[in-house]
Amino acid sequence: MAVLPILQFEDKIAETVAENPVVVIIGETGSGKSTQLSQILHRRGYTRSGAIAVTQPRRVAAVTVARRVAFELGSRLGEEVGYAIRFEDRTSDKTCIKYLTDGCLLRESLSNPELNQYSVIILDEAHERSLNTDILLGLMKRLINRRSSNLKVLITSATLDGVKVSKFFSGCPVLNIPGTLFPVEKLYSTERPTNYVECCMKTALDVHVHEPPGDVLIFMTGQDDIDKMVFKLEERIQNLEEGSCMDAVVFPLHGSLPPELQIRVFSPAPPNCRRFIVATNIAETSLTVDGVVYVIDSGFVKQRQYNPSTGMYSLDIVQISRVQADQRAGRAGRTRPGKCYRLYPRTVYDEEFLDATIPEIQRSSLAGSVLYLKSISLSDIDILKFDFLDPPSRESLEDALRQLYLIDAIDENGEITEIGKAMAELPLEPSLSRTLIEANELGCLSQALTVTSMLSAEVAIRPTHSKIKEKKRKQSFSKLPDGSGWGDHIQLLQVYESWDRADYDPNWCTDNDLQVRSMMFSKDVRKQLSQIVQKIGKGPLDVESAMRLKKSDKDYKKLRRALCRGYGNQLAERMLLHNGYHTLGYRSQLVQVHPSSVLEADEDGQLPDYVVYHELINTSRPFMRNLCAVEISWVQPILKKLEKMNIDKLSGGSGASENNETIENETISSPKQAVDASAKVMALCWETLKRSCLTRLCHGH
DNA sequence: GAGCACTGC
C-alpha cells in the first residue's frame, strides 16, 4: 500500500507549526490527516510539554481514529493514546494523544479555561462547522493571544473555506495536503426535475442497465421519499427482462432505522449483484459505504432552522451547498474512478448553491451557548462582541439573553447568576437545567431528572390510538400511561417509571413501540445528570428514591411547578372561549396544541388556562410540542419579570435596540392563524392579546 | 388533527 500523502509533507508541516501559532490544513479525503497530524507532532516532541488534543464532531470518529492511532503506535488504547466522549473516558495519566468530541473539549474548558494540559489542539473537520466547533474557534482565537508561547492550534478545513479560516486567524498559513480520491465524473441534468423520486429512479435504472458493476448511492431528503423510492425501485427492477442485466438489492439508510438494519449496508454485495443504497445525508459524512461507484444527488437536504424573531423551529427542504455537493460526489471515488449524476444543471451548482452550508450557529437557538460563554471564568467576554468566524445575528443573541434572563440565569444587567453558573454545569438545554435546580429546591429532583433525561434523549411516544390500543390489549401488552391529563412531560415520567418497574427490559420498549436506543440513552443521561447534580448540589439530594409515585404528590404539583419555573421563557395562555393559545413572552405568537399531545381538556372541553411547552414547531401551522399544565399563581411572578425586562441592560448597554415599531409588528402574527373561533370572538381576543402584549412590552410603564 | 435531516455535552 502506498504511503499516506500527508507523510511526504511531514517536514513542511513541522516547520510551519514551529513558526506559527495557528496553521490551517486543507486535507482532502484519504490524506490521513486525522490519524497522522497528531503522530507527526508527537514525533517532533510536542507531547513533552503537554498533551495533543484532537477534536471530532462525532463520537464514533473519536473512538475509531483513537483505536487506529493506538494500533499504529503499538500502545494500548487508554494509555499513550486515548479518547473521551460523553459517558466514556478512556484516558489515563500517560495519555499524550487524546481524541475527543468537540463538545467534550468545550466541557473541559469550563473547568480549565486556558486548557493548560494541552500543548497542541487540533480541530479536525472544522469545515463541518458544528455549533461546538464554531465556539471553539472563537475560544482558540482568544487562547492563542493568552498562551502564544506554549500553544499550537491546527485547524483542518475544506478547500472552499481555507482562506476564510486563515483570515479569521490573522492570515495564518494554509497547507494543502492532497488526498487519495479517484476522479469522479460529474454529469449534470439539463433542467431540474419536477418529480425527484421519479427522476432519481429513472437515473438509477439507467445506471443499472447501462453501466458496469459498482454500487449506487442515492441522496434523498427524508424517510418518506426513501421508502417510496425503495419500493418503486424494487418493483421496476423485478420487471426488467430476465438476464438483461445483473441482480440488484435495494437498501434504505437513514437515522431512524434500527441499528441492525443500518449495518446491512456494510456487508458487500453478493457476486453479480448491484447494491442500491437510498440514503439521507447520513451517508455524506457519518457513514461511509464501501463499493460505491455511482452517486445520484438530488441536490436537496432537510434542515432544521430556528427563527429568533418568533422563537420557532421549522424543518425545511433546502438546496445543498457546493461543499456538500462535492462531498456527495466524492463518495463515488473511494475505490476507483466513479460517476456522480447531479439532478440539477451546472448553472444551479455555480450560481444558486451557497459555497458552504449555513453554519449551525446561525440556525440554532443560542441560549445554551451564550450561557456557556458567560460561565467561562474569563472576564473579558462581551457576548455581543464575541469574535465568531460567522457571527450569529444580533437578534439571535438578544433572543438568547432574554430567555436566560427569564429563567434567572442572568440578572437584569446581563451578569451570570449563581443559578446560571449551576445551570451551565449541566449538559442540558437551559430550560431543563433550570427545571432541575428548581426541582431540587421543591423536593422532586428524582422525577425532574427522569423528565429532563427523557426530553434530552428525545424519546418519542407513538400515539396509542384506540385501534392500536385494542390490538395491544388483546395481545396482553401493557398499555402506556397517558400523563394523567397533565400533559406530555408527566407522560414521559410515567413511561420511564413503567420501564423501571419492568427492570429496564429492552423487550418492554419494543413491545410498547418505544425505541430501545433512545430509552437506553435517556437512562445514561439520567445517571450522568444525577452524578453532576450531586457534585454541584449543596445538602442532601434525593436522586434515587421516589421513582415510584408518592401519595403526597399524585397530581405532580411540585414537578409541574418546577417545570413552570424552568420553562419561564416558554409559557402560553389559552385564548378566551376556545382552545388556541398565545405565548407569553416578549413576542406573543398564536399557537396550537400539537395533535400528538396527551394534554386533556376538562368536562367542558376546555384545555388548561396555562401551559409550558418544550418547543414551538412551525409545520402546517405553529404548534407547541410537549406540554405541561401549570397554574396561574406560578405564572404571575414570571410575568412580572417579563415586564421589567430591558434588552439594553441585558446586553450590557452595548448599543441600543429601540426599534419598538419592529417589535410591535413582529409580535403579533396574523389573526388568520387563530382557528375555530367566530369573527367576533376572534376580534375580542385579538384586542385583548394586543393590549396585554403592549403593556408587557413597554417597560417602565 | 400531525409527521420526525443529522450531530452532541
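First the proteins, then the strands, lettered A, B, ... as listed; each starts at 1. Values reported hereafter were calculated over all heavy atoms of this structure, with side chains retained and with hydrogens, waters and symmetry mates removed.
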For the residue pair Q117(A) and N112(A), confirm or rule out a side-chain donor-acceptor distance under 3.5 Å.
yes
Could you work out which one of dC9(B), dG3(B), dA5(B) sits closest to the side chain of K302(A)?
dA5(B)
Would you please confirm or rule out a distance under 4.0 Å between OP1 or OP2 of dC6(B) and any side-chain N or O of R304(A)?
no
Calculate the interatomic distance between L139(A) atom CG and dC9(B) atom C1'; express it in whole Å.
15 Å
In whole Å, I'd like the distance from the CG atom of L131(A) to the P atom of dC6(B).
19 Å
Using a heavy-atom cut-off of 4.0 Å across all strands, would you classify I617(A) as base, sugar-phosphate, or nothing?
nothing
Between atom CG in D227(A) and atom P in dG3(B), what is the gap in whole Å?
17 Å
Check whether any side-chain N or O of T101(A) sits under 4.0 Å from OP1 or OP2 of dT7(B), and answer yes or no.
no
Which residues pass the ring-ring contact (aromatic ring centres under 6.0 Å, His included) test with H594(A), not counting sequence neighbours?
F623(A)
Closest to the R86(A) side chain: dA2(B), dA5(B), dC9(B)?
dC9(B)
Among all residues two or more places apart in sequence or in another chain, which pass the ring-ring contact (aromatic ring centres under 6.0 Å, His included) test with Y567(A)?
H489(A), H614(A)
Among dG3(B), dC6(B), dC9(B), the one nearest S286(A) by side-chain distance:
dC6(B)
Nearest-nucleotide 5' precedence on DNA chain B, N132(A) against A460(A):
A460(A)
Rounded to whole Å, how long is the line connecting atom CZ of F521(A) with atom P of dC9(B)?
7 Å
Closest of dC9(B), dA2(B), dG3(B) to the T619(A) side chain is dG3(B)
To the nearest angstrom, how far is L105(A) atom CG from dC9(B) atom P?
12 Å
F87(A) CZ to dG8(B) P, straight-line distance once rounded to whole Å
11 Å
For Q570(A) and S431(A), test the side chains for any donor-to-acceptor distance below 3.5 angstrom and give the result as yes or no.
yes
What nucleotide, of dA5(B), dT7(B), dA2(B), holds the atom closest to the side chain of S596(A)?
dA2(B)
Pi-cation contact, Y613(A) with R625(A) (under 6.0 Å, within 45°)
no
Identify whether any heavy atom of Q528(A) sits under 4.0 Å from a base atom; if not, whether one sits that close to sugar-phosphate; answer base, sugar-phosphate or nothing.
nothing
Taking all non-hydrogen atoms of both residues into account, name the closest pair between R517(A) and P258(A) and its distance.
NH2-CA, 4.0 Å
Have a look at R58(A) and say if it touches a base, only the backbone sugar-phosphate, or nothing, with a 4.0 Å heavy-atom cut-off.
sugar-phosphate
Can you measure L287(A) atom CG to dC6(B) atom P for me and round it to whole angstrom units?
10 Å
Looking only at side-chain atoms of F623(A), point me to the closest of dA2(B), dC9(B), dC6(B).
dA2(B)
Could you give the CD-to-P distance, from E458(A) to dA5(B), as a whole number of Å?
12 Å
For a quick check of understanding: with a heavy-atom distance under 4.0 Å over all strands, which category does I282(A) fall into, base, sugar-phosphate or nothing?
sugar-phosphate
I want to confirm an ordering. Mapping L428(A) and Q223(A) to their closest nucleotides on DNA chain B, which one lands closer to the 5' end?
Q223(A)
What nucleic acid atoms does T285(A) come within less than 4.0 Å of, heavy atoms only: base, sugar-phosphate, or nothing?
nothing
Does T280(A) reach a base, just sugar-phosphate, or nothing at all? Heavy atoms under 4.0 Å.
sugar-phosphate
Can you identify which nucleotide, out of dC9(B), dG3(B), dC6(B), has its nearest atom closest to the N281(A) side chain?
dC6(B)
